[in-house]
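Only one structure is covered here, and it is reproduced in the block below.
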Amino acid sequence: MKQRLVYFGGRNVQFLNSGDILLNRILFSIVSGKGRLIVEDRLFPVRLQPLLFEYLENIQLLSEVTRFNFFTHLIFYTIKNIIYRKFDLYVLEPPGHFFTSQAKPLWRDWSILITYRFLSLLGCKRVVLGLTLGPFEDAYAKFLGKTSGSYFQIGLRDRESLNLAEKYSFSNTTYIPDLAWYSQEEYAKMSQSLYVLLSFRDSVTGTRRDMPYFNALTDALDKVLPDLGKKILLFYQTVYDRNACLDIFDRYQDKHDIEFIDKCLSHTEASILYSGAELVISNRMHVLVPALKANTLIFSITDTQRHCKLRSVLYENDIPECFGDLSDQELREKLRLLQEDRENFLAKVKRIIAGNTAEINSIMNLIWP
């Protein structure tokens, strides 16, 4: 019987974002149980490797098995496998949000496509799971659609990405819940909720500050913060959010009991914070979903029309009651009603987590029986 060998790499990881670190950790924990996983270690600084691999078995770094780069080694090994036929080979790309402002494909895009087409013909299967697509320029989206046949499976984590894939005739797509929903453990909830937790970005996509959006966000916070009645802790998920969170702290430090945690927290550190919070308010998906897994109430404040990724995830999981719009004049009332219905909401979320975990397992078992 052939052994299963899964190579992880081929696309960059946003390692400065603790949400992306969480997604990759979850992916590694699942896939390493399906076969031997070889990870392109140039994607991650050495200091982050314990967060990604600690306590996981059946994982090796690429530098431990070859002195060649990712694609050179992969091509050589795939050709070698045609002769010896020892392995079922896969390339697994990182999850996350894939978008670009490129008007059309560049030579690098074509060279990567040609490489993957060649590998596919030789029997190596290309997989990506937990992806959000867009926005793209029309010509680039058409290129992606026409070349998506190089994938064995594309797992998209929201319906808007599926609609985009259908519009541009993508091949081999399926829906998979965001990997952050995946749970194999019960999170311990502190007996006493001590504070409200805040974490915000200052744009809907990308890292460039969107000041009209951020100003509308702080105007919305002006409405809801006076009613919270708890100490406020403020932290950032990625270094790109630090300036936004620092501006929020400066705005409210003389008006509220607020503390700024000036460091990018690991998933473990953030989970401890979530478990002690009465409420988490954010516009970051990978703050909100892990907070739900800690059995903590959440409330999102953002531009609900533009923030497609977050809107899609919350509405698809039938929890629109926790999704507040910047311009909603009834924002305070919406949050109040959610807090009153806390127990019913959190009971519904437990069922959602269980359902999404089962669905993720089902997709993984179809790809790697």
Side-chain angles (χ1 to χ4, degrees), residues 8 11-30 39-56 59 93-99 129-132 157 177-185 187 195-209 232-249 259-277 280-296 298 300 302 307 309-310 313-314 353:
F8 178 87
R11 193 158 55 83
N12 289 333
V13 174
Q14 292 293 328
F15 61 81
L16 295 177
N17 187 326
S18 61
D20 287 280
I21 298 299
L22 169 64
L23 294 182
N24 285 288
R25 167 79 186 195
I26 291 171
L27 186 62
F28 294 161
S29 71
I30 301 171
V39 177
E40 184 184 6
D41 39 336
R42 74 163 184 84
L43 298 177
F44 308 103
V46 173
R47 64 181 174 81
L48 291 180
Q49 290 178 10
L51 299 177
L52 291 157
F53 312 130
E54 195 170 28
Y55 308 121
L56 297 181
I59 296 179
E93 295 180 1
H97 189 181
F98 177 45
F99 63 96
L129 299 168
L131 198 65
T132 291
R157 64 184 177 180
D178 187 274
L179 295 171
W181 290 106
Y182 189 81
S183 179
Q184 293 178 302
E185 58 186 320
Y187 285 71
Y195 46 81
V196 172
L197 197 58
L198 305 184
S199 185
F200 288 98
R201 63 189 300 170
D202 53 16
S203 61
V204 171
T205 59
T207 58
R208 182 177 297 177
R209 300 200 73 174
I232 298 170
L233 298 185
L234 176 66
F235 81 102
Y236 48 92
Q237 177 188 284
T238 167
V239 293
Y240 299 121
D241 294 352
R242 183 181 183 273
N243 287 338
C245 290
L246 189 58
D247 287 349
I248 290 171
F249 176 71
E259 178 183 339
F260 180 41
I261 303 171
D262 194 3
K263 62 176 290 191
C264 193
L265 301 179
S266 70
H267 170 60
T268 301
E269 291 170 327
S271 295
I272 294 170
L273 276 184
Y274 300 145
S275 66
V280 174
I281 305 177
S282 182
N283 57 1
R284 278 281 187 187
M285 181 165 68
H286 295 123
V287 169
L288 295 168
V289 173
L292 288 175
K293 288 166 63 177
N295 200 34
T296 297
I298 66 164
S300 173
T302 189
H307 211 145
K309 178 172 66 173
L310 187 56
V313 167
L314 296 181
I353 292 170

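For the single chain, residues carry numbers from 1 onward in sequence order. No hydrogens, no waters, no symmetry mates; every other heavy atom, side chains included, goes into these values.
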For L273, is there any backbone N or O sitting under 3.5 Å from a side-chain donor or acceptor partner on Y195? yes
Test side-chain contact (heavy atoms from CB on, under 4.5 Å) applied to T132 - qualifying residues, sequence neighbours left out: H97, R157, D158, S161, K309
The ring pair (Phe, Tyr, Trp, His ring centres under 6.0 Å) partners of F44 (sequence neighbours excluded) come to none
If we only count heavy atoms from C-beta on, is the L23 to D178 side-chain gap below 4.5 Å? yes
Could you tell me which non-hydrogen atom of G130 sits nearest to which non-hydrogen atom of P95, and how far apart they are? O-CB, 3.6 Å
Check: Y236 side chain, F200 main-chain N or O, donor-acceptor pair, under 3.5 Å: no
Going by side-chain contact (heavy atoms from CB on, under 4.5 Å), name the residues that satisfy it together with V196, two or more places apart in sequence or in a different chain. L198, L228, K230, L279, I281
Heavy-atom check, side chain of D247 versus side chain of R209, under 4.5 Å: yes
Looking at K293 and A180, would you say the former's side chain and the latter's main chain have a donor-acceptor pair under 3.5 Å? yes
Exam field: side chain S18 to backbone Q237, donor-acceptor pair closer than 3.5 Å: yes
Side-chain heavy-atom pair D262, R242 within 4.5 angstrom cut-off: yes
Spacing of CZ belonging to F249 relative to CD belonging to E259, to within rounding of 0.5 Å: 8.5 Å
Where L288 and V280 come nearest, the two heavy atoms and their spacing: CD2-O, 4.2 Å
Ignoring hydrogens and angles, tell me if any N or O in the side chain of T296 forms a donor-acceptor pair with the backbone of Y274 under 3.5 Å. yes
Contacts of F53 meeting ring pair (Phe, Tyr, Trp, His ring centres under 6.0 Å) (sequence neighbours excluded), chain-then-number -> F28
Once salt bridge (Lys or Arg N to Asp or Glu O under 4.0 Å) is applied, what residue pairs with a partner in residues 280-291 remain, sequence neighbours excluded? D241-R284
Checking H307 now: which residues fulfil ring pair (Phe, Tyr, Trp, His ring centres under 6.0 Å) with it, not counting sequence neighbours? none
